[in-house]
Every structure is written in structure tokens, then in C-alpha cells.
Amino acid sequence: MQNIKNTKPWSESPWGQWTRKDSEDLIILYLNDYYNTLDDYFLKEALQIAKEDGIDIEPVMRRVRFQLS
């Protein structure tokens, strides 16, 4: 069993250093998968991340479509 008292605080974890750029990169990965498979799961995930992190997804979608063409 793990000792909870000896764990690092949130700010020291790798997730504590997550940036807006990291979120955009993850959205781009999901959108690439969506455009390659047309599986709505990937689009829903990208939209959810954009919503949670306050990212305007339309410019990101245009950039991904442009790169794929």
C-alpha cells in the first residue's frame, strides 16, 4: 500500500506542468485520427479537450485539414 503522506504535491507532477500548447497538440492528434478514420470518437475527444481548456477548435481543425491535404 502506498503512503499518501509521502506523495509529491500536484505542482511537482508532470501533469502540473501541462500547457495550452500540450492541449493543442493532443487535439491535433485526435483530429488527425478523426480525419483518417472518420470515427466520431476522436472528434468528440478533441471537442471535449478544447471545451475544457478553452481552446478555439476551428483554427486547429483548419490547420490539420490543410496539413492533410
Side-chain angles (χ1 to χ4, degrees):
M1 180 175 227
Q2 183 180 358
N3 186 351
I4 297 174
K5 293 180 182 179
N6 290 333
T7 60
K8 293 182 180 180
W10 173 258
S11 62
E12 292 181 25
S13 72
W15 291 106
Q17 298 171 7
W18 192 260
T19 65
R20 182 180 182 92
K21 173 75 170 112
D22 294 330
S23 294
E24 286 183 8
D25 290 344
L26 185 57
I27 290 169
I28 288 169
L29 289 174
Y30 275 116
L31 290 175
N32 276 319
D33 288 343
Y34 169 70
Y35 288 125
N36 288 322
T37 65
L38 296 179
D39 185 346
D40 287 341
Y41 167 80
F42 298 115
L43 180 59
K44 289 177 185 177
E45 290 296 317
L47 291 170
Q48 184 64 35
I49 294 167
K51 180 181 175 184
E52 289 174 358
D53 293 347
I55 296 172
D56 186 8
I57 196 164
E58 290 182 30
V60 179
M61 290 179 82
R62 282 193 291 271
R63 189 169 61 221
V64 170
R65 282 191 306 230
F66 177 76
Q67 290 174 347
L68 291 175
S69 61

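Residues: numbered from 1 along the sequence shown. What you are looking at is a predicted structure, and each value in this text was computed from that prediction instead of being measured.
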Flag side-chain contact, heavy atom, 4.5 Å: Leu47 against Tyr34: no
From NZ (Lys51) to CD1 (Ile57), nearest 0.5 Å: 12.5 Å
Nearest heavy-atom neighbours spanning Ile28 and Arg63: CD1-NH2, 3.4 Å
Side chain to side chain contact (heavy atoms under 4.5 Å, CB included) assessment of Arg20 paired with Ile55: CA-CA 8 Å; Arg20 182 180 182 92; Ile55 296 172; 3.9 Å; yes
Interatomic spacing from NZ in Lys44 to CD1 in Ile49 - rounded to 0.5 Å: 14.5 Å
Flag, side chain of Asp39 to backbone of Tyr41, donor-acceptor distance under 3.5 Å: yes
Exam field: side chain Asp22 to backbone Thr19, donor-acceptor pair closer than 3.5 Å: yes
Nearest heavy-atom neighbours spanning Ala46 and Leu31: CB-CD2, 3.9 Å
Heavy-atom pair with the smallest gap, counting every atom of Leu43 and Met61: CD1-CE, 4.2 Å
Spatial distance of atom NZ (Lys21) from atom CG (Leu26) [nearest 0.5 Å]: 11.5 Å
Cluster link Ile27 to Phe66, ILVMFWY, side chain under 4.5 Å: no
